[in-house]
Structures are given as C-alpha cells and as structure tokens.
Amino acid sequence: MTNPPGGRAADELSLARKVHAACERFEADWKASGRPRVEDYLGPPDDPDRPALVEELAGLEIELRRTAGEEPRRREFLRRFPFQADVVARLFPDETEADRPPENATACPTTVKLDRPSASTPPTGGERFGKYELISELGRGGMGIVYKARDTALNRFVAIKMILAGALADDGARARFRREAALAAKLEHPNVVPIYDVGEQDGFLYFTMRLVEGGTLGDHLESFRADPTAAAGLIETLARAVEYANEQGFIHCDLKPANVLIDRDGAPRVTDFGLAREAYRQSDLTASGAVLGTPSYMAPEQATGDRQAIGPATDVHGLGAILYEVLADRPPFRMNTTMETVMQAIYCDPLPPSRRRPDVPRELEYICLKCLEKAPADRYPTAEALADELARFIQGDPIDASGPIQKLKRWVRREPEIVARLAGLGLVSLLTEVNYRFVSSTPNAAARFRVQLVLGLWAALTLLFQWLQRREWGRDRLQGAWIVGDIACLTMLLWILEDLDTPLLIGYPLMVAASGLWFRARLVWLTTGLAIAGYVALYALAGLDWGRGSLGWSQPDALPFANVFVVCLALCGYVVARVVGRIKAVGRYYEIRRGG
C-alpha cells in the first residue's frame with residue numbers, strides 16, 4: 001500500500017532535514033579537524049537514505065577541496081562509492097573519459113575555479129535567465145532582486161529572487177544557501193509562499209516562488225489600520241504560519257510588511273522563510289545587511305548579534321513589529337540614521353501606539369508591546385501563544401499582557417531620561433530631608449527650603465522637556481534647552497549649599513558623559529562648556545571678597561583644586577566627543593556598506 005500524499009511530504013521533509021544536519025556536522029568537522037571522511041557520516045550500508053547522503057556530502061567535500069586548491073576526480077569517488085555510480089556521475093557531469101588522468105599520471109598542481117557570482121550586472125526584464133523569461137522587476141533589497149518571470153518549461157508565471165553578487169561570498173556559504181533554500185522548499189502551509197526551484201545560472205544563485213500578485217502588506221496597511229479586529233486577525237493568521245515554520249526548525253528573522261504578500265483573495269502569505277536564519281551563521285554577511293535583518297523591525301538579540309538568543313521569540317518580536325506599524329502608522333524603531341535606529345532597537349521601547357492614534361484598543365496595544373519586550377523571556381514564548389492571545393482579544397475574552405510589572409518595565413525603558421532624572425532628584429530630596437531632620441547638628445531651614453524648591457523646579461523642567469519631546473518639538477533646540485536647564489539647576493543647588501567641597505560636584509562630569517547618549521558631538525561640547533562656566537562662576541562667588549572691592553579670597557581653601565577640576569571637565573568632554581565621533585563614523589561606514 002502506498003503512502004498518502006501527506007505521508008510522502010513528511011518523509012521528504014524528514015530526509016531533507018537529515019541530509020542538512022549531516023552536511024552541517026561534516027562542514028564543521030572539516031573546519032575544526034581538517035579531513036573527516038564522508039563514509040563516517042552515512043550510517044549503515046542498507047540505509048535507504050544513503051544515496052541522498054552520498055550525493056550531498058560528497059558534493060560538499062568536492063566544493064571544500066576545490067576551494068582549498070585541489071582537483072578531485074570522478075575515478076577517486078567511484079572507488080570510494082562503487083554502489084552509487086549514478087550519483088558520482090551527477091557530481092562530475094563535465095568530466096569525460098578523456099578528462100580523467102591515467103592511474104600513473106601526476107596531476108599538475110593547478111587550482112580549479114568554482115562558479116562564482118558574475119561580475120556583470122544582473123539581467124533586466126525581457127531577458128532570458130536559464131529556462132525563465134524575465135518579465136518585469138517586482139522589487140529589490142539588500143540581498144537581491146525579485147522578478148516576475150515565466151517558467152518556459154512548465155508555462156507558468158513565478159516570482160524569481162536572484163541573489164546579487166557578494167551577498168553570498170564564499171563557496172561554503174553558497175552551498176549552505178542551496179541546502180537551506182531546498183529545505184525551505186519543503187514547507188507547505190496555506191499562509192507561506194511556497195518555493196518551487198533552487199539553482200544557479202550565470203553565476204547568480206536564485207530561487208523561484210509562487211507568484212502572489214496582490215502586493216505586499218505595506219500596500220494594504222491602511223485597510224487593516226481602520227479595523228483593529230481585522231488587524232488582530234491578520235497577525236493571528238501570520239502567527240499560525242510562523243509557528244508552523246518554527247516547528248520545522250525555521251526562524252524567519254526578518255518579519256516585516258515587505259515580507260508579507262497579499263494574494264488576490266486577501267489572504268496574507270509569509271515569504272523568504274529559512275533564508276535569513278542561515279545568514280545568521282555567516283559573520284561575513286553582516287555588512288551587507290543580510291545578517292542584521294531590517295533595523296526598524298529587528299529584535300535586540302539580532303541587533304547585538306547574540307546568535308544564541310535567536311529563536312521563536314525573535315519571530316514573535318517581528319510579528320509585534322508588524323502589528324505596531326499597522327496600529328501606529330510607522331515602524332517601532334525609526335531614527336535619522338541606521339546606527340541610531342539600531343541603538344533604539346537595543347535600548348529603548350517604542351512609544352505606545354495610542355500616543356500616535358488614540359483610538360487604538362488598549363488590550364491590543366498591550367499585546368503589541370509584550371511582543372516587543374527587550375528580553376525574549378518577557379515576550380510570548382511562541383508564535384502560537386501570541387495567536388491564542390489575539391484570538392482571545394477578538395472574542396472579547398481577558399488577555400494576559402497587561403500586568404503592572406510589564407507596564408513599569410516598559411515605562412522605564414521608554415522614558416530613560418525622565419526616569420533617571422526623577423529618580424535622582426527624588427533621592428537627593430529624600431537625603432536632604434534626612435540630613436535636615438536627623439543628621440545635621442545645625443539644621444538650616446532656609447537652605448533646606450531653597451534646595452527643595454530648586455529640586456521641584458528641576459523636576460518640573462524635566463517633565464516639560466519630556467512633554468515637548470513626545471510631541472517631536474524641534475529636537476536640536478529641545479536638547480540644547482534641556483542641557484541648559486540641567487546645568488543651571490545643578491549650579492543653583494551648589495550655590496545654595498555654599499559648601500563647594502561636596503560630592504555633588506560629580507554632577508558636572510556625569511552630565512557631560514550623559515550628553516553623549518544623544519550622539520551629537522556639539523551637544524557634548526555645549527554641556528562641557530556650560531559645566532565649566534557654572535563651576536567657574538561658583539568658584540568666583542565662593543572665593544571673591546566683595547567687601548574689599550577688589551579680587552580677594554575670603555575662603556582660600558574652599559576650592560583647593562579648582563584648576564584640576566576644570567581640566568578634568570574639559571578632558572571628559574573631549575573623550576566623550578571623540579567616542580561619539582567614532583561611533584558615528586562606524587555608523588556611516590555601515591550605511592555605506594548597506595547602500596553598496
């Protein structure tokens with residue numbers, strides 16, 4: 001009795017995963033110990049999977065040996081695998097009897113070149129590409145170009161994605177790409193775009209997919225934005241598809257509206273499954289953008305390159321990023337430069353969608369923000385758990401994403417400036433009260449009142465500046481005014497205390513260091529100049545004997561090392577400004593590489 005179609009598909013997927021795992025082990029051992037034997041990875045002689053294992057493992061050995069400058073021959077592999085002569089013939093399709101050296105011949109030490117990406121530009125619409133006729137370009141990104149094409153052999157329209165030269169630079173990476181794409185072709189789900197074919201033509205790697213002509217999700221966001229229930233249903237459907245792929249061992253790592261296609265019936269389909277995951281193992285792909293994914297949607301573990309942390313929760317973050325854009329009409333992270341966007345993805349929480357669109361349902365907002373938690377353990381553990389939560393929202397049942405601890409953590413990460421300032425001001429206020437009531441032998445009620453008044457003013461200015469920042473009021477002017485306000489308040493506090501030999505002086509260098517978090521060297525220098533000016537003013541007020549009518553020092557020991565402190569402030573500003581300059585230079589280099 002024959003297996004049902006579903007059973008055959010499961011067997012094929014099992015075989016593909018078995019072959020893929022064997023190739024991964026073989027390649028890792030090759031790099032670690034030099035020359036492992038293919039024969040040790042094949043299992044028992046009567047294993048029905050042996051021909052497939054021989055073909056993939058022997059093919060991988062041939063590529064690795066050619067990369068090392070060797071010239072493997074068909075004769076050698078026929079001796080090693082006499083019962084797989086047909087497999088060996090496929091591995092050496094261009095080698096004839098005349099090409100084979102005699103047994104006693106000495107091969108010349110020449111290097112055999114592998115097919116590599118062509119230096120020429122990729123083809124354009126209207127050209128032939130193997131058996132495909134390219135009709136028009138559908139889009140392009142960091143890794144390649146997508147065309148609408150006609151398969152002339154089967155007379156059907158397909159989408160063909162061509163990997164550009166340099167996206168997969170070395171032979172090992174190209175072999176892994178082919179294996180990974182072939183494995184991804186085994187995915188069968190109604191909401192996953194199926195892969196039809198994987199190959200190489202004219203030096204360009206490519207794979208073909210079902211042609212989905214309804215456009216990307218980015219073209220349909222407005223229709224979902226107008227109906228929160230429809231938006232929740234969309235993400236639930238995508239989450240079920242992602243869960244299926246995760247269960248098969250695939251992590252997408254680049255979920256975004258551009259990678260979700262909408263078919264003619266309005267059903268969403270996820271594309272590019274399995275390819276991003278493989279890229280994470282290749283450090284040489286980082287500069288091209290293939291490793292990092294898309295900064296505006298990426299999870300923190302992607303942005304930091306923490307490969308061990310990448311898993312199903314990474315795709316949950318991607319689904320939350322899509323939901324955020326549906327609700328808020330913008331990605332969760334978007335700054336002027338790629339570097340700033342990546343830093344925001346690592347350290348900051350996005351503003352709640354309701355800040356941009358007040359009509360967003362609070363429960364759906366909670367679900368979205370839980371998906372975007374920084375720590376993978378704080379998100380939904382799987383896409384299925386997210387789908388179940390969205391189903392509860394659609395049905396009107398209580399959800400589990402709105403606990404007080406989660407709210408507090410999100411607020412702390414989302415508003416770091418206000419949290420740090422208010423916490424620090426609150427601590428100083430508390431210590432002032434403790435010193436006045438319990439520590440000081442001569443409590444000064446007037447000084448205590450003035451200190452608390454300045455702390456209250458400082459807190460009010462912090463809230464005002466944060467309110468203006470939320471409304472995106474002129475960022476450069478706002479940051480400059482914020483720095484002036486902070487330095488002025490600190491200087492007033494030190495003036496009120498009258499004892500300038502105090503630990504509170506450390507506030508000046510701390511503000512210089514903190515100004516570097518805005519990644520603007522001129523703001524660092526502004527903070528440094530204002531700090532020095534404030535300190536020099538305090539020095540003059542403390543030491544000048546106003547009764548004499550000329551420069552004189554009533555408190556000669558008040559600031560014994562003022563010159564040293566001023567120099568240290570200047571050096572602190574110089575170091576922070578240099579660090580900011582270097583980070584921005586790296587950011588510009590990264591963006592040039594992405595653009596190239």
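The figures here come from the full heavy-atom set of this structure, side chains too, leaving out hydrogens, waters and symmetry mates. In this chain, numbering begins with 1 at the start of the sequence shown.
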Asks: Excluding sequence neighbours, so at least two apart, what forms side chain to side chain donor-acceptor pair (under 3.5 Å) with R334?
Replies: none

Asks: Kindly indicate whether the side chain of V146, heavy atoms from C-beta on, has any atom under 4.5 Å from the side chain of E137.
Replies: no

Asks: Tell me, do L523 and I483 make a side-chain contact under 4.5 Å, heavy atoms counted?
Replies: yes

Asks: Please name the residue in the list R356, R357, R225 that meets the side chain to side chain donor-acceptor pair (under 3.5 Å) test with D329.
Replies: R225

Asks: Does anything in residues 315-328 pair up under side-chain hydrogen bond (donor to acceptor under 3.5 Å, both in side chains), and if so which pairs, sequence neighbours excluded?
Replies: N246-D315, Y297-E325

Asks: Kindly write out the residues that satisfy salt bridge (Lys or Arg N to Asp or Glu O under 4.0 Å) with E384, not counting sequence neighbours, or none if the list is empty.
Replies: none

Asks: If we count only N and O atoms by modelled type, under 3.5 Å, do the side chains of Q452 and S429 hold a donor and an acceptor together?
Replies: yes

Asks: Under the salt bridge (Lys or Arg N to Asp or Glu O under 4.0 Å) test, which residues partner R448, sequence neighbours left out?
Replies: E433

Asks: Taking only residues two or more places apart in sequence or in another chain, which ones pass salt bridge (Lys or Arg N to Asp or Glu O under 4.0 Å) with D219?
Replies: none

Asks: Among residues at least two apart in sequence or on other chains, which ones pass salt bridge (Lys or Arg N to Asp or Glu O under 4.0 Å) with D306?
Replies: none

Asks: side-chain contact (heavy atoms from CB on, under 4.5 Å) with P443: which residues, sequence neighbours excluded?
Replies: Y436, S440

Asks: Does NZ or CZ of K370 fall inside the cone over Y380's six-membered ring, less than 6.0 Å from its centre and within 45° of the axis?
Replies: yes

Asks: Not counting sequence neighbours, which residues clear side chain to side chain donor-acceptor pair (under 3.5 Å) with R578? List them please.
Replies: none

Asks: Quick check for you: to the nearest 0.5 Å, what is the distance between L323 atom CG and E365 atom CD?
Replies: 10.0 Å

Asks: Applying side chain to side chain donor-acceptor pair (under 3.5 Å), name anything that partners R392, two or more places apart in sequence or on another chain.
Replies: E389

Asks: Of all residues at least two apart in sequence or in a different chain, which pass the side-chain contact (heavy atoms from CB on, under 4.5 Å) check with A258?
Replies: K256

Asks: What heavy-atom pair brings T528 and A570 nearest, and what distance separates the two atoms?
Replies: CG2-CA, 4.0 Å

Asks: Are there over 12 heavy-atom neighbours, none belonging to I506, within less than 6.0 Å of that residue's CD1?
Replies: no

Asks: Test: salt bridge (Lys or Arg N to Asp or Glu O under 4.0 Å). Region: residues 484-495. Which pairs qualify, not counting sequence neighbours?
Replies: R421-D486

Asks: Apply side chain to side chain donor-acceptor pair (under 3.5 Å) to T491 and list each qualifying residue two or more places apart in sequence or on a separate chain.
Replies: Y508

Asks: Heavy-atom distance under 4.5 Å between the side chains of Y535 and L494, does that happen here?
Replies: no

